[in-house]
Peer 1: 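Could you have a look at this structure, given as structure tokens, before my questions?
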Amino acid sequence: MRRFLLRRLAAIPVTLLAVSLMVFAATELVPGDVARTILGREAGEEAVARLREQLGLDRPLADRYADWLSGFFTGGWGDSLTLGVPVRDLVLGRLADSLILGGLAFALLVPVAVTLGLVAGVNHDRPVDRVISVTGLALGAIPEFVTGVVLLVVFAVRLRWFPASAQAPDGATIATRLGHLALPVISLVLLCTGYVARHVRAGTVAAVESPYVRAAELRGLGRAQVVRRHVLRNSTVPATSALGVQLQFLLGGLVAVELLFNYPGIGALLLQSAIDKDLPTLQATAMVLGVLYMSIILAADLAYRLLDPRVRLGEAAA
């Protein structure tokens with residue numbers, strides 16, 4: 001475990017360098033002139049040229065990349081070209097909002113998906129298994145914005161049980177904020193549950209058919225005890241990677257949900273900065289998401305090794 005952690009930590013700087021190169025190259029390929037976008041179509045060529053010089057857009061790419069990368073790691077992210085506010089405060093504030101929404105969805109996703117996967121796995125090839133599997137596949141195939149629209153029409157417009165916007169007013173209580181976040185959280189859970197539940201089901205089926213579970217049943221242990229003591233942990237090991245993938249999506253890939261429910265998250269900021277050609281904001285947002293994804297992958301790998309001792313034993317033997 002220690003060697004694995006050291007190897008992963010040593011690889012982080014190289015990975016971050018590769019991510020930074022891809023982010024900078026991708027943002028440079030955004031079509032259109034940033035200076036022209038800021039000043040508008042009516043601006044003269046001299047004004048556009050002066051602004052390009054002020055923004056440093058006339059400098060060589062290598063110099064701009066070096067300055068941007070050093071500024072990112074030292075906290076000098078610059079100011080937003082369209083909003084005129086510090087990029088660092090803007091991006092980290094939007095990230096905090098996305099962490100709240102994604103964290104709530106993940107906290108609900110884990111018990112729901114694990115429970116459904118366990119029930120389907122313990123009752124595999126029975127009607128309840130087929131119902132859970134087919135429903136999960138169907139919900140996973142529906143895009144989150146379609147599910148969100150249905151939830152908005154039914155629960156916000158028709159029944160008026162929840163507000164249509166996920167953004168609560170200033171000074172709202174925790175209960176009010178949770179009410180505003182209910183519909184986007186539900187739409188995300190419906191999308192992700194089937195994927196995670198399938199992995200839990202596969203692990204559960206393998207655990208139920210294993211010799212040690214059959215031996216536990218022969219010793220007279222009840223089904224509930226067998227599931228709690230022997231099946232649960234082994235069934236969640238295959239789902240660890242699936243949960244990591246879903247957590248990446250929940251924390252950084254919520255563009256459609258954030259736009260649909262008018263939520264000020266980092267996904268919506270990434271899209272808007274690309275549309276506005278706000279390069280400092282776009283580059284900083286993409287880098288923050290890259291660091292976030294790397295952290296989630298590392299945490300998922302560590303959790304996988306902690307849950308499955310066979311991985312640790314295999315590494316030790318090697």
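Along the sequence shown, residues are numbered consecutively beginning with 1. Since the structure is predicted, the reported quantities are computational estimates derived from the model, not experimental observations.
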Peer 1: Looking only at side chains, do Thr281 and Gln272 share a donor and an acceptor under 3.5 Å apart?
Peer 2: no

Peer 1: Report yes or no: do Val134 and Leu139 belong to one cluster of Ile/Leu/Val/Met/Phe/Trp/Tyr joined by side chain heavy-atom distances under 4.5 Å?
Peer 2: no

Peer 1: By ring pair (Phe, Tyr, Trp, His ring centres under 6.0 Å), which residues pair with Phe72, not counting sequence neighbours?
Peer 2: Trp77

Peer 1: Out of curiosity, Thr147 OG1 to Leu188 CG, how far, rounded to the nearest 0.5 Å?
Peer 2: 9.5 Å

Peer 1: Looking at Glu258 and Pro264, would you say the former's side chain and the latter's main chain have a donor-acceptor pair under 3.5 Å?
Peer 2: no

Peer 1: Looking at Asp129, is its backbone amide N or carbonyl O close enough to the side chain of Ser133 to form a donor-acceptor pair, meaning the two atoms are under 3.5 Å apart?
Peer 2: yes

Peer 1: To the nearest 0.5 angstrom, please state how far the CG atom of Asn123 sits from the CZ atom of Arg201.
Peer 2: 10.5 Å

Peer 1: Within the structure provided, determine whether Leu81 and Asp276 are in side-chain contact (heavy-atom separation under 4.5 Å).
Peer 2: no

Peer 1: Would you call Leu152 and Phe162 a side-chain contact if the rule is heavy atoms closer than 4.5 Å?
Peer 2: no

Peer 1: Hey, what do you get for OG1 (Thr285) to CG (Leu92), rounding to the nearest 0.5 Å?
Peer 2: 9.5 Å

Peer 1: Residues two or more places apart in sequence or in another chain: which of them pass side chain to side chain donor-acceptor pair (under 3.5 Å) with Arg94?
Peer 2: none

Peer 1: Please table the atom pairs, donor to acceptor, closer than 3.5 Å between any side-chain atom in residues 192-199 and protein atoms at least two apart or in another chain.
Peer 2:
| unit_1 | atom_1 | unit_2 | atom_2 | d |
| --- | --- | --- | --- | --- |
| Thr193 | OG1 | Val189 | O | 2.5 |
| His199 | ND1 | Tyr195 | O | 2.9 |

Peer 1: Does atom CZ of Arg177 have more than 12 heavy-atom neighbours, drawn from other residues, nucleotides or ligands, at distances under 6.0 Å?
Peer 2: yes

Peer 1: Which atom names give the shortest non-hydrogen contact between Leu183 and Ala156, and what distance separates them?
Peer 2: CD1-CB, 4.0 Å

Peer 1: Taking the side chain as C-beta and beyond, is there a heavy-atom pair between Leu282 and Leu270 under 4.5 Å?
Peer 2: yes

Peer 1: If hydrophobic residues (ILVMFWY) are linked whenever their side-chain heavy atoms come closer than 4.5 Å, directly or via other members, who joins Ile142 in its cluster?
Peer 2: Phe145, Val146

Peer 1: Between Glu144 and Phe249, is any pair of side-chain heavy atoms under 4.5 Å apart?
Peer 2: yes

Peer 1: Are any non-hydrogen side-chain atoms of Phe24 and Leu61 less than 4.5 angstrom apart?
Peer 2: yes

Peer 1: Sequence neighbours excluded and cut-off under 3.5 Å, please list the side-chain donor-acceptor pairs for residues 100-117, or say none.
Peer 2:
| unit_1 | atom_1 | unit_2 | atom_2 | d |
| --- | --- | --- | --- | --- |
| Thr115 | OG1 | Pro111 | O | 2.6 |

Peer 1: Measuring only between side-chain heavy atoms, which start at C-beta, is Val150 closer than 4.5 Å to Phe155?
Peer 2: no

Peer 1: Under a 3.5 Å distance rule, please check whether Thr135 uses its side chain to pair with a backbone N or O of Ile132 as donor and acceptor.
Peer 2: no

Peer 1: Quick check on the hydrophobic clustering: are Ile297 and Met294 connected, directly or via other members, by side-chain heavy-atom contacts under 4.5 Å?
Peer 2: no

Peer 1: What is the distance from atom CG of Leu269 to atom CG of Leu83, rounded to the nearest 0.5 Å?
Peer 2: 8.0 Å

Peer 1: Return the OG to CG distance between Ser80 and Asp278, rounded to the nearest 0.5 Å.
Peer 2: 3.5 Å

Peer 1: Quick one: does any side-chain atom of Ser98 pair with a main-chain N or O of Leu95 as donor and acceptor, under 3.5 Å?
Peer 2: no

Peer 1: Keeping to residues at least two apart or across chains, list the side-chain hydrogen bond (donor to acceptor under 3.5 Å, both in side chains) pairs with something in residues 157-169.
Peer 2: none

Peer 1: Same cluster or not: Val245 versus Tyr293, using hydrophobic residues (I, L, V, M, F, W, Y) connected whenever any side-chain heavy atoms lie under 4.5 Å apart?
Peer 2: no

Peer 1: Is the number of heavy atoms from other residues, nucleotides or ligands within 6.0 Å of CG (Leu159) greater than 12?
Peer 2: yes

Peer 1: Under 4.5 Å between side-chain heavy atoms, hopping through other hydrophobics if needed: is there a path connecting Leu137 to Val128?
Peer 2: no

Peer 1: Pairing donors with acceptors under 3.5 angstrom, does anything connect the side chains of Tyr65 and Ser20?
Peer 2: yes

Peer 1: Would you say Tyr263 and Ile266 are hydrophobically clustered, going by side-chain heavy atoms of ILVMFWY under 4.5 Å?
Peer 2: yes

